[in-house]
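Reading through the structure tokens given below for one structure.
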Amino acid sequence: MSQSTSLGEGRHSPLREVAEQVRHLWWIPLLTGLVSIGFGLAILAADWTVHALVIITGLVFVIRGIALAFSPAYAGRTSGEQVVAGIAAVIAGVVLVAWPGPSLLVLAFFVGAWLAVSGSFHIVTSISRRRELPHWGFTFSVGVIELLLGIWAMRRPEATLVLLITIIGLWAVLTGVIYCALAFEIRGTTRALAKATDVTERDAAKLAGRLAQLHAEGLLSTEEYTQLRASLLAAHTSAHAGHGPRGAASSGP
């Protein structure tokens, strides 16, 4: 029975690896979404001067950049492009905050250009890695919203303060809602992955234990027991390989 237990518990599980990787990080998009929604509602509800709007927009960029760099939505197979994009967002936010006093037109073009670039990044990354990212639909939606709002801002040379407030506020609220939904989707998926892994390992251990019992009772010869146990081990390993990060990612929303 000790051998059967090691069969179920000693195998490396790609499913468990992915679940453990993002299990403790699901709160990052949730907190980001809540903060973004709060900022967005505050922007839409208050009367802002150009200087105050510049500072609050820069702070939102910094927060979203940090969250993007550590986002669990990109866990698994990644080359770190989200880290580069996150750092770029932080730099853009710092530039806005440190700017001595941009005009309304400069702010509109800066915000529009950045949202267009950020949206394009999310769209291209989500589509190109849709087989590796289980939640690529959420990040794709964020990209579409950012791209549309960015184009809208840049195509408005007569930009007014009210228009900018509307664009930035809508961006913060809409993408914040998507980030919150993404957080709960990530948490649910990791729980499902961990549960599926536990069931697979437990069933394999039970089957191996039953084979050992039949062999001990003389109902299976040593050769039969060895062959059956080897087949069980091969099937168990194949099942894990088929449900690794790539297989799990293909069943995204």
Side-chain angles (χ1 to χ4, degrees), residues 14 18 21-22 25-26 28-33 35-37 39-40 57-58 60-96 107-156 164 167-187 189-190 244-253:
V18 173
Q21 188 175 9
V22 301
L25 297 177
W26 71 274
I28 293 179
L30 176 63
L31 181 60
T32 304
V35 172
S36 184
I37 292 172
F39 271 117
T57 303
V60 174
F61 279 8
V62 170
I63 293 173
R64 294 288 289 270
I66 294 174
L68 177 60
F70 294 97
S71 175
Y74 293 94
R77 298 183 179 181
T78 176
S79 56
E81 63 269 22
Q82 85 280 1
V83 177
V84 177
I87 294 175
V90 171
I91 294 175
V94 172
V95 169
L96 271 181
L107 176 61
F109 182 81
F110 187 95
V111 171
W114 173 251
L115 289 182
V117 171
S118 177
S120 299
F121 163 79
H122 280 102
I123 291 173
V124 173
T125 303
S126 299
I127 293 177
S128 64
R129 296 177 54 207
R130 62 188 180 277
R131 296 184 181 276
E132 286 80 26
L133 298 178
H135 319 286
W136 70 275
F138 289 96
T139 54
F140 177 81
S141 300
V142 171
V144 171
I145 292 174
E146 289 182 335
L147 181 59
L148 293 178
L149 289 177
I151 294 175
W152 184 26
M154 287 189 297
R155 288 178 60 86
R156 293 280 181 165
L164 270 184
I167 291 175
I168 298 173
L170 285 177
W171 164 68
V173 171
L174 293 177
T175 57
V177 171
I178 295 177
Y179 268 102
C180 289
L182 172 63
F184 288 108
E185 183 70 16
I186 290 174
R187 187 181 67 165
T189 301
T190 55
R246 186 178 183 86
S250 63
S251 61

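One-based numbering along the sequence shown.
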Work out which heavy atom in [X] is nearest to a heavy atom in [Y]; give both atom names and the distance.
X	Y	value
A85	L68	CB-CD2, 3.7 Å
S126	T139	OG-OG1, 2.6 Å
S141	G137	OG-O, 2.8 Å
L115	G150	CB-CA, 3.7 Å
A153	A108	CB-O, 4.0 Å
A67	I28	O-CG2, 4.0 Å

Would you say [X] and [Y] make side-chain contact, with heavy atoms under 4.5 Å?
X	Y	value
E81	T125	yes
F70	Q82	no
L107	L96	yes

With sequence neighbours left out, write down each residue that passes side-chain contact (heavy atoms from CB on, under 4.5 Å) with [X], or none if nothing qualifies.
X	value
I63	V35, F39
A88	W114
I127	I123, R130, F140
V84	none

Tell me, please, which residues at least two apart from T57 pass side-chain hydrogen bond (donor to acceptor under 3.5 Å, both in side chains). none
Contacts of T32 that satisfy side-chain hydrogen bond (donor to acceptor under 3.5 Å, both in side chains) - sequence neighbours left out: none
Could you tell me the separation between the [atom1] atom of [X] and the [atom2] atom of [Y], rounded to the nearest 0.5 Å?
X	Y	atom1	atom2	answer
S118	F61	OG	CZ	8.0 Å
I145	H122	CD1	NE2	11.0 Å
W152	L147	CH2	CG	14.0 Å

Give every donor-acceptor pair under 3.5 Å between a side-chain atom in residues 167-175 and any protein atom, sequence neighbours left out.
residue : atom : partner : partner atom : Å
W171    : NE1  : E146    : OE2          : 3.1
T175    : OG1  : R64     : NH1          : 2.9
T175    : OG1  : R64     : NH2          : 3.1
T175    : OG1  : W171    : O            : 2.5

Report the C-alpha distance between I37 and V177 in whole Å, list the side-chain angles of each, state the deciding distance to 0.1 Å, and finish with yes or no for side chain to side chain contact (heavy atoms under 4.5 Å, CB included). CA-CA 7 Å; I37 292 172; V177 171; 3.8 Å; yes
Show, in sequence, the C-alpha distance, side-chain angles and deciding distance for V90 and I66, and conclude whether the side chain to side chain contact (heavy atoms under 4.5 Å, CB included) test is met. CA-CA 7 Å; V90 171; I66 294 174; 3.9 Å; yes
